[in-house]
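What's counted below: heavy atoms across the whole structure, side chains too, no hydrogens, waters or symmetry copies. From a predicted model like this one, the values you see are computed outputs, not experimental measurements.
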Amino acid sequence: MLDPQLFRTDLEDVVAALAGRGYAFDVKRYRKLEAQRKELQVEVESIRAARNQQSKKIGKMKAAGENAELILQEVAGLGDQLAAAEQVLEKVQVDLDGLLHSVPNLPANGVPDGFNEEQNKELRTWGKIKSFDFEVSDHVDLGTALGQMDFEVAAKLTGSRFVVLKGQLARLHRALIQFMLDVHTEQHGYSETYVPYLVNRDSLFGTGQLPKFEEDQFCATEDDFFLIPTAEVPLTNMYRRVITPAEQLPIKMVAHTPCFRREAGSYGRDTRGMIRQHQFEKVELVQLVHPEHSVQALEELTGHAERILQLLELPYRAVALCKGDLGFSANKTYDLEVWLPSQQCYREISSCSSYDTFQARRMQARYRSEGDKPQLLHTLNGSGLAVGRTLLAIMENYQTTMGEIVLPAVIQPYMGGQRQLSPI
RNA sequence: GGAGAGGUGGCCGAGCGGCUGAAGGCGCUCCCCUGCUAAGGGAGUAUAGGGCGUAAAACUCUAUCGAGGGUUCGAAUCCCUCCCUCUCCGCCA
């Protein structure tokens with residue numbers, strides 16, 4: 001969330017910045033609630049102060065063996081007055097919190113203007129798009145022909161948007177995870193972390209998925225736990241209500257987890273294949289940094305994700321999301337999009353974002369420099385990479401006319417030296 | 001799942017209805033003393049929110065002793081619910 005102080009001091013600027021990303025802030029409602037809040041809070045606190053003072057007096061009188069009857073009667077009325085005022089304040093505070101909690105982050109400097117995907121800005125492309133001298137298949141046809149990818153049996157087990165992988169393809173899927181983790185831990189300085197896949201409401205609130213996006217989450221209602229939509233949630237929330245000594249920053253963590261998303265509202269999109277699933281694997285990078293370093297950190301983190309694509313020799317491009325395409329909590333996002341021959345276009349395979357203090361404020365994740373007060377730190381994260389999409393990108397980009405899949409050199413050691421996948 | 005014990009400040013630990021934002025100790029910061037080291041003396045040492053302030057400070061109010069409710073003029077202290085930790089038993093990958 002944004003600093004409530006910012007709304008009080010720079011309302012105009014905040015509203016303008018929000019309009020830039022297509023968010024209409026209800027200024028009238030805010031002004032009204034904030035005015036009420038202020039008045040009521042002052043009232044409640046002054047009643048409370050009066051009561052505390054009197055109660056203390058009663059204590060002292062009783063200790064001295066005096067009769068406190070008179071004051072006691074006087075104070076009795078305060079209790080009801082206080083309760084009534086508190087109730088009204090509570091209601092206003094809840095409304096105000098609700099309003100502020102659903103306000104998205106402000107775009108960072110330099111984020112391109114625009115309200116939708118078309119206005120995102122391509123920054124660079126990498127790798128050579130292969131030309132095939134035969135009709136390319138998509139990963140569904142390739143996987144089915146291999147006899148190692150089965151959507152129908154997954155549908156029987158659960159429903160749509162799930163997949164079963166078998167044999168060498170399942171192994172490749174696992175190998176990609178190992179490979180990514182190895183690169184990030186050994187070359188990029190991330191600390192490997194294993195985390196819960198079920199989290200509570202506080203955690204989802206901390207990273208910004210709640211309260212606004214509850215319908216996108218899978219909930220274990222019995223316990224009020226949620227299946228994580230990304231490892232960002234448990235990783236970042238490890239530092240919820242923690243004050244980290246400044247010299248321990250940056251904190252860099254990497255985790256492989258499954259991710260679960262209901263994909264509500266995307267019923268018609270990417271219904272074929274592994275692009276959009278309810279369950280998928282991801283290797284996630286998270287950094288907690290000193291505010292002065294977050295701009296640089298986003299560039300680095302994005303580079304770390306790009307490194308995986310480069311090592312796998314998959315053509316991709318990097319895109320800066322425009323203001324209107326930013327996620328709720330992000331102030332800046334770079335998407336990495338991998339080339340898919342079957343679709344003749346680039347598709348998202350990684351999303352790297354910085355959040356300035358937006359998540360940190362919700363989580364109260366802070367750092368402290370020697371002798372200073374605790375300050376909110378900055379959070380960042382990015383996929384390094386989405387594993388399912390990496391798998392299908394390899395299948396499509398490395399297919400042969402015989403329907404085999406040639407394995408990128410770096411992955412072969414993880415496949416027992418095997419050099420290609422062939423039909424079972 | 002059964003039985004028990006607990007959750008207090010950076011840490012240890014007292015308190016079990018008022019004078020306790022919280023004794024005492026450790027740690028940390030500053031000052032004094034001692035020619036180093038060790039020891040000693042003194043002061044300070046939470047976080048968040050509000051009001052007032054151009055800002056910082058100062059001042060002032062409020063909240064916080066696992067979380068949420070309740071009793072009371074007044075709750076760290078009494079009652080209820082929940083969460084977490086530990087010990088023993090059972091079960092289990």
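- Using a 4.0 Å heavy-atom criterion, one finds that A:R361 contacts no nucleic acid atom at all.
- The nucleotide whose nearest atom lies closest to any side-chain atom of A:Q41 is, among B:C61, B:G51, B:G49, B:G49.
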Item to check | A:F358 vs A:F328, ring-ring contact (aromatic ring centres under 6.0 Å, His included): CA-CA, chis, key distance, verdict | outcome: CA-CA 10 Å; A:F358 191 88; A:F328 176 74; 5.5 Å; yes
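- Distances shorter than 4.0 Å separate some side-chain N or O of A:R8 from OP1 or OP2 on B:G50.
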Pick out the pairs of N or O atoms, protein on one side and nucleotides 43-47 of chain B on the other, that lie under 3.5 Å.
| unit_1 | atom_1 | unit_2 | atom_2 | d |
| --- | --- | --- | --- | --- |
| B:U47 | OP1 | A:R368 | NH1 | 3.3 |
| B:U47 | O3' | A:R366 | NH1 | 3.0 |

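- Between A:I47 and the options A:V42, A:L82, A:N52, a side chain to side chain contact (heavy atoms under 4.5 Å, CB included) holds for only A:L82.
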Item to check | Canonical and wobble pairing (Watson-Crick, G-U, under 3.5 Å) of RNA chain B, dot-bracket with | | outcome: ((((((((.[[[..)..(.....]]]((((((.......))))))((((((.......)))))).[[[[[..)....]]]]])))))))....
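- Checked by atom type, the side-chain pair A:S203/A:N200 shows a donor-acceptor distance below 3.5 Å.
- Not one side-chain nitrogen or oxygen of A:N52 sits closer than 4.0 Å to the OP1 or OP2 atom of B:G74.
- Smallest separation of non-hydrogen atoms from A:E404 and A:P423: CG-CD, 4.4 Å.
- The local environment of CZ in A:R31 is sparse, with at most 12 non-hydrogen atoms from other residues, nucleotides or ligands closer than 6.0 Å.
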Write down the protein N/O and nucleotide N/O pairs, taken from nucleotides 17-21 of chain B, whose separation is under 3.5 Å; answer none if there are no such pairs.
| unit_1 | atom_1 | unit_2 | atom_2 | d |
| --- | --- | --- | --- | --- |
| B:G18 | O6 | A:K62 | NZ | 3.3 |
| B:G18 | N2 | A:S55 | O | 3.0 |

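- Look at A:E263 and A:R276 and you find a salt bridge, because one of the NZ, NE, NH1 or NH2 atoms lies within 4.0 Å of a carboxylate O, short of that distance.
- The base of B:G49 sits with one of its N or O atoms less than 3.5 Å from a complementary donor or acceptor on the side chain of A:E45.
- Comparing B:C73, B:G51, B:G49 against the side chain of A:L72 picks out B:C73 as the nearest.
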